[in-house]
2 protein chains.
Amino acid sequence: MQRMTRYYGQNGNGGGHSPASCFASRLERYAPLTDEEKGFVARMEEAERPVKRGEVVLKAGEPSTELGVVKEGWAVARSDRLNGRSQTLRIYLPGEIIGLPGLGIGHYAHEVVMVTQGCICPFPKDHITGIYARVPRLAALLTAVASVDQVALKDRLFMMGSGTARERMAHFLLDLHERLLLSNPDMGRRFRLPLRQVDIAEVLGLTKVYVNRLLKAFTEEGLIEIQRPYVRILRPAELKSMSNYVNRYEQIDQSWFPSPARNDISL
Amino acid sequence: MQRMTRYYGQNGNGGGHSPASCFASRLERYAPLTDEEKGFVARMEEAERPVKRGEVVLKAGEPSTELGVVKEGWAVARSDRLNGRSQTLRIYLPGEIIGLPGLGIGHYAHEVVMVTQGCICPFPKDHITGIYARVPRLAALLTAVASVDQVALKDRLFMMGSGTARERMAHFLLDLHERLLLSNPDMGRRFRLPLRQVDIAEVLGLTKVYVNRLLKAFTEEGLIEIQRPYVRILRPAELKSMSNYVNRYEQIDQSWFPSPARNDISL
DNA sequence: CGTTTGCTTGAAGTAGGTCAATGTGAGTGG
DNA sequence: CCACTCACATTGACCTACTTCAAGCAAACG
C-alpha cells in the first residue's frame with residue numbers, strides 16, 4: 001500500500017535542536033523563547049498521534065475543538081467538490097500548524113488529509129487562550145507567522161489567477177524548495193517530493209496529464225531533474241524569473257512584538 | 001462548548017454613508033468592547049486621509065510602518081506583473097484593515113490601490129503592540145477576523161484553481177453581496193458595484209471581454225439584473241448552487257477568547 | 001505472477017483568450 | 001444646443017493552452 005519509504009524528517013543536521021519538537025525549533029529560528037513561552041509551546045506538542053497516508057486529520061464542517069502541529073509527514077488542506085475536481089489549498093510540512101483558520105469560524109472550513117504517513121500533535125483550541133492571556137509575545141509571533149502564510153497564500157492566488165501552467169509549476173517547485181530549506185538549511189537543491197503527479201495537479205489546478213507533460217518538458221529543458229521521488233532544481237534562476245517567485249519566508253518582522261515580560265509594555 | 005455570536009443585529013443605515021467609526025461598529029458586532037478596548041480601537045481611526053480613485057495607498061516593497069482602516073470607499077490589493085496581466089488579490093470594503101500581512105514580513109508584499117475615491121485611517125504598526133500587550137481579547141478578536149479572512153481567501157483560491165469562469169463570477173457576486181450585507185443588513189439584493197468590467201476581470205483572473213460576455217449571459221438567463229453601477233441578484237439559489245458558495249462571515253467563534261480583564265485568565 | 005497504482009503518450013475537443021472594430025453615455029468646451 | 005472626446009462596454013472572428021478520453025506501460029506489492 002505505501003509505496004513511499006519513511007519520510008525523512010528532523011535528522012540531526014548540526015542545528016542542535018531537539019528532534020522532539022520541530023515546531024519549537026521553527027519558532028526559535030525567529031526569536032529565542034523565554035522559559036514561560038517554551039512551556040506553552042511544549043504543551044502544543046504533548047500528545048502524539050501517528051497517522052497513515054490518506055487519513056483525514058480534520059474533517060470539513062466539524063466543530064473545531066482542536067488544532068494540531070504536524071510533527072512528521074506532509075498534510076494538505078483540500079476542498080472537495082461534489083462536481084468532480086478537488087483543489088489542494090495548502091501543503092503542510094513538519095513544524096506547521098493545522099486548523100488555525102478554524103479559530104475564527106468555529107468549525108473546520110476545509111478538510112486536512114495526510115499525503116504521507118506521519119505524526120500529528122493535537123492540542124485543544126483553548127490552549128490558544130492561555131497564550132493570548134499570558135504570553136502575548138508568543139501570540140504576536142503566531143500572528144506574524146500566520147501573516148507570512150497569508151502573503152504566501154496571496155502569491156498562490158496570483159499564480160492561479162494569472163499564471164500559465166508552466167509558471168504555476170515553476171512557482172510550486174521553488175516554493176516547496178524554499179519551505180523545505182527552512183527546516184533543512186543544508187539540504188541543497190535536491191529534495192524528496194512525496195507527491196504523486198495527481199497530487200501536484202490538485203495543487204496547481206491542472207490535470208494530471210498536463211502535469212506529466214510539464215514535468216517532462218521541464219526535464220528536457222534542463223530546468224529540473226527527477227529521480228523519483230526526488231527532484232533536483234537545476235536552474236533556479238530561470239525558474240524564478242519565469243514565475244516571478246519571491247521567497248516570503250526569509251525573515252519575520254519582530255519590531256512590533258510586545259516585550260516578553262508579561263506586564264512590561266513597550267510602547 | 002463553543003459560544004457563537006450572531007453577527008447580524010445592528011441597525012443598518014440603508015442610505016450608504018459610513019457611520020463615524022465603521023471599524024469599531026464592525027468589531028462590536030462580534031463582541032461588545034470594554035472601554036479600554038474601545039480606546040485602542042478609537043486610536044486606530046484617529047487620523048483620516050482622503051484618497052482619490054487610483055491612488056496607491058500602500059506601495060509594494062516598502063517597509064511596512066503603518067496599517068490602515070478603510071473608512072470609506074473600496075480598495076484592492078493587487079499583484080502587478082512585469083509581463084502584463086495584473087491580479088486583484090483582495091477587495092477591501094469600508095471597515096476592513098489594510099496592511100495586516102505586512103506585520104509578519106516587515107514590508108508590504110502587494111500594493112493596495114483605491115478603486116473608488118474614499119478615506120483611509122492610517123495608524124502606526126506599533127499600535128498593534130499595545131493591543132497584544134494590554135488588551136489580549138481584542139488581539140484575539142483581530143486574529144479571529146483575520147482567520148475568517150483566510151478561509152475566504154482559500155475559498156477564492158479554490159475557485160481560481162478549479163472553477164469555470166461562470167462559477168467564479170457567481171462566487172464573486174455572492175461573496176461581495178454577503179460582505180456588503182454585513183455592514184448594511186437591510187440592503188436587500190441590489191447593491192452598488194463601483195468596479196469596471198476590467199476590474200472584475202482582474203479579480204477573477206479573466207479578460208474583460210469574457211467578463212462582459214458572462215455578465216450578458218447572466219443577465220439573459222435572469223440570474224442578475226444590471227443598472228450600472230447597480231447590480232441586483234435575482235436568483236441567489238441558482239448562483240449558490242452553481243458556485244458552491246458558502247458564506248463564511250455569518251458567525252465568529254469567541255469561545256477561545258481570553259477574558260476582557262487583563263490578568264483574569266479564563267482557562 | 002497477476003493486480004494495482006501510478007506514469008506516459010496520442011488524438012481530438014473546448015473554454016476562454018486575443019485582436020480589432022464599433023457602440024455609448026457622460027462630460028466639456030464653444 | 002451641438003460637436004468633440006474620453007473612458008468603457010459590446011460584439012465578432014479567430015486562436016491556443018489546456019482538457020478529455022483512451023490506451024499502453026512500468027514497477028511495486030500481494
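Within every chain, numbering begins at 1; the chains are lettered A, B, ... in the order of the sequence lines, protein sequences first and strands thereafter. Computed over heavy atoms, backbone and side chain alike; hydrogens, waters and symmetry mates excluded.
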At 4.0 Å (heavy atoms only), tell me whether Gly205(A) reaches a base, stays on the sugar-phosphate, or touches nothing. sugar-phosphate

Atom CD of Gln227(B) and atom P of dA26(C) are separated, to the nearest Å, by 14 Å

Take the angle between the ring planes of His177(B) and Phe191(B) and call it parallel below 30°, perpendicular above 60°, tilted in between. parallel

Salt bridge check, Asp149(B) against Arg90(B): does any charged N sit closer than 4.0 Å to a carboxylate O? yes

Calculate, to the nearest 0.5 Å, the distance between atoms CD1 and CD1 belonging to Ile120(B) and Ile98(B) respectively. 4.5 Å

Is the phosphate of dT19(D) approached by Tyr210(A) (side-chain N or O, under 4.0 Å from OP1 or OP2)? no

So, is Thr207(A) near the phosphate of dC18(D), with a side-chain N or O under 4.0 Å from OP1 or OP2? no

Closer than 4.0 angstrom, basic N to acidic O: yes or no for Arg26(B) and Glu96(B)? yes

Please give, in whole Å, the distance from dA15(C) P to Met159(B) CE? 16 Å

Once ring-ring contact (aromatic ring centres under 6.0 Å, His included) is applied, do any residues pair with His110(B), and if so which ones, sequence neighbours excluded? none

To the nearest angstrom, the CZ-P distance between Arg168(B) and dA15(C) comes to 14 Å

Any side-chain N or O of Arg228(B) less than 4.0 Å from the OP1 or OP2 oxygen of dT10(D)? yes

With a 4.0 Å heavy-atom cut-off, tell me which residues in residues 211-223 of chain A come close to DNA chain D, sorted by residue number. Arg213(A)

Rounding to a whole Å, what distance do you find between Leu204(A):CG and dT19(D):P? 10 Å

Value rounded to 0.5 Å, distance of CG in Leu157(A) from CG in Asp155(A): 9.5 Å

Could you please name the option among dG17(C), dA9(D), dT11(D) that lies closest to any side-chain atom of Arg196(B)? dA9(D)

Shortest non-hydrogen separation from Tyr108(A) to Thr65(A) and the atoms involved: OH-N, 3.4 Å

Kindly say if Gln197(A) contacts the phosphate of dT5(C), meaning a side-chain N or O under 4.0 Å from OP1 or OP2. no

Helical bend (five base pairs per end, nearest 10°) for the helix from dT8(C)-dA23(D) to dG30(C)-dC1(D): 40°

Answer yes or no: is there an ion pair linking Arg235(B) with Glu221(B), defined by an N-O contact shorter than 4.0 Å? no

Provide, to the nearest angstrom, the distance between the CD1 atom belonging to Ile200(A) and the C1' atom belonging to dG6(C). 12 Å

From Leu223(A) CG over to Met242(A) CE, what is the distance, rounded to the nearest 0.5 angstrom? 6.5 Å

Salt bridge between Lys71(A) and Glu45(A), side-chain N to carboxylate O under 4.0 Å? no

Rounding to an integer number of Å, can you tell me how far Arg53(A) CZ sits from dA28(D) C1'? 12 Å

When the distance from NZ of Lys208(A) to C1' of dG6(C) is rounded to whole Å, what number comes out? 8 Å

For Leu193(B) and dC8(D), what is the distance between atoms CG and C1' respectively, to the nearest whole Å? 14 Å

Checking contacts here: which listed nucleotide (dA15(C), dT19(D), dT18(C)) is nearest the side-chain heavy atoms of Val209(B)? dT18(C)

